[in-house]
Protein chains: 2
Amino acid sequence: MPERALKMLPLTAEPAGVPIDCRNCGAYQLCMSLWLKTGDASLLERVVKKKQVFKRGEVLYRMGQSLEYIYVIRGGSVKTCVSTEDGQVQVMGFHIAGELLGLNAIGNRQHNCEARATGVTSVCEVSVDRFEELAREDPAIQYEIFKIMSAEIRHSQELLLLLGKHNADERLAAFLLNLSQQFAQRHCSATEFNLSMSRSDIGDYLGIAEETVCRIFARFQDDGLVSSECRHIKLNDVERLQQIACHRPSRDLRNIVGSDLKA
Amino acid sequence: MPERALKMLPLTAEPAGVPIDCRNCGAYQLCMSLWLKTGDASLLERVVKKKQVFKRGEVLYRMGQSLEYIYVIRGGSVKTCVSTEDGQVQVMGFHIAGELLGLNAIGNRQHNCEARATGVTSVCEVSVDRFEELAREDPAIQYEIFKIMSAEIRHSQELLLLLGKHNADERLAAFLLNLSQQFAQRHCSATEFNLSMSRSDIGDYLGIAEETVCRIFARFQDDGLVSSECRHIKLNDVERLQQIACHRPSRDLRNIVGSDLKA
DNA sequence: CGCGCTATTGATGACGCTCAAGACCCGTGG
DNA sequence: CCACGGGTCTTGAGCGTCATCAATAGCGCG
């Protein structure tokens, strides 16, 4: 037996709530527009109601709750999810520093999902009323909101494709590659990082059981694709992961080689 | 053997491209805002570039194509879907009279999915540039766009929950109930209607195989839940369909009865 | 120090996919 | 007019993937 390392890294291994540089923040354009437009730095202070810190597991907002604040993540990590009355959970996404939360509820003033910190997380809390006021006045801000909502729809579509058409291996590979990209965008290592979410969360995101996540991690590790020590992940063979994520690993690869591609 | 009716209704059985009343159109608020704001009915004419008709199977726009028009469906039906390079398809949604298509691409000016008519379909084609111009000038229009995009995100979330956490029976039951609601909103019969999409489309929407869709339709019919003659559907027992859609039919029902509910 | 949470691994079986075949409907061309 | 092919729908047989149940172990926290 391959004898994988079993030591558990403490859950607090992540760098936690260090505020990011504003220039890397997803709300940068928004904030800068505000500032440039008005030339009034104090406006920022008035818009950003307060900076708040959530501990692991704490709730930023719940489903059905009325929308009062938009949250800008400064550091840490958050998951958003919907759930049914019988306790089933579907994680919609994992969010890290620089992302905005709550915008998707701007249409009906009511949160349609729940947001919960998966690690120590600090956020900027922004009043929705002011936010909208500003959007009405400044087309640039309005457009930023469109862009963010569009991106959210695109993300949902990708996830739907993943859940509807791909098996467990493909889902997990795609998930890891996605994370990798996400970190790269924030100027962190694309091949070595810490997961802020549990195996169970990953399963609830990818629509597979917690145990299946474990098993696939173990198999990927045995195959030399990744090194996973609990929540510390290292991607050893990104290319092969990409193959797994796109095609179906073995059978279809043969088919593709043997077939003449047609539009 | 229960001997289900086998006769196929012609695909052209649907009422096809009769334009809906503007007051039932999803763009009604939008159009009215325009009109009231400017008092200029001719503006509508300038915004709505032209009214166009697509035949079954024709493409309104493709993935990756640059966004030029928003489409308002006047009559007929459209499916939107994303696909992978190896030909797998995930249907994102089915759309009928009164809905707007293309808005989700407003953030990056590039369509992130494909839209294809599933029956004879007539649409209003609206220039995006003018549309945005108007949104910049009129907060009411801006807000309408937010609302529509929010609704789209909510819909994706529901579908994700369905694909991630529910079995094939539950998915199909939920699908039928959803359709029922959709028709009810448009003042059509909630219990008897024609499907505009094929079994294969339904499968591609719900993340199950075409054959599985057939089998479940057959079983639902044998159980007296629905009458399905090819594309003509009649819901005979909405309540039981709802039970199937929410809970898991048998095992969990027993569990729920026997357990004390807790928050 | 013990309880609870997370992660891991094994055994088992069911759900749903795949392949295959046939029926029916439609449009097209001989 | 009829024959034909292509598309849609249906049903059967067989098997693989993955969920479920169960047991164990490590770590965090009170």
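Computed from heavy atoms alone, side chains included, the values below leave out hydrogens, waters and symmetry copies. Chain A is the first sequence line, chain B the second, and so forth, proteins listed ahead of strands; every chain is numbered from 1.
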Pair His95(A)-Thr80(A), side-chain donor/acceptor within less than 3.5 Å: yes
side-chain hydrogen bond (donor to acceptor under 3.5 Å, both in side chains) partners for Asp223(A), two or more places apart: none
Those residues that, when tested against Arg116(A), pass salt bridge (Lys or Arg N to Asp or Glu O under 4.0 Å) (two or more places apart): Glu114(A)
Whole angstrom value for the distance that separates P of dT8(C) from CZ of Arg219(A): 14 Å
Length of the CD-C1' vector between Glu170(A) and dT17(D), whole Å: 12 Å
Interatomic distance where CG belongs to Asp201(B) and P belongs to dG7(D) [whole Å]: 14 Å
Donor-acceptor pair between Asn236(A) and Ser227(A) side chains, under 3.5 angstrom: yes
Atom-to-atom span, CD of Glu229(A) to C1' of dA7(C) - whole angstrom: 14 Å
d(CZ, Phe217(B); C1', dG16(C)) in whole Å: 17 Å
Sugar-phosphate, base or nothing in reach of Gly207(A), heavy atoms under 4.0 Å: sugar-phosphate
Of the listed nucleotides dA11(C), dA13(D), dA7(C), the one nearest the side chain of Arg215(B): dA13(D)
Distance-only donor-acceptor test (3.5 Å): side chain Glu210(B), base dC17(C): no
Distance below 4.0 Å between Thr212(A) side-chain N/O and dA19(D) OP1 or OP2: yes
Contact under 4.0 Å: Arg171(B) side-chain N or O vs dC15(C) OP1/OP2: no
Per Arg199(A) side chain, nearest of listed nucleotides dT8(C), dT20(D), dT6(C): dT8(C)
Under 3.5 Å donor-acceptor pair, Glu211(B) side-chain atoms to dC19(C) base atoms: yes
Whole-Å distance separating the CE atom of Met197(B) from the P atom of dT8(D): 14 Å
Interatomic distance, Asp204(A) CG vs dA7(C) P [rounded to whole Å]: 12 Å
For atom NZ of Lys165(B) and atom P of dC18(D), their distance in whole Å: 15 Å
Carboxylate-amine/guanidinium contact Asp204(A) Lys79(A), below 4.0 Å: no
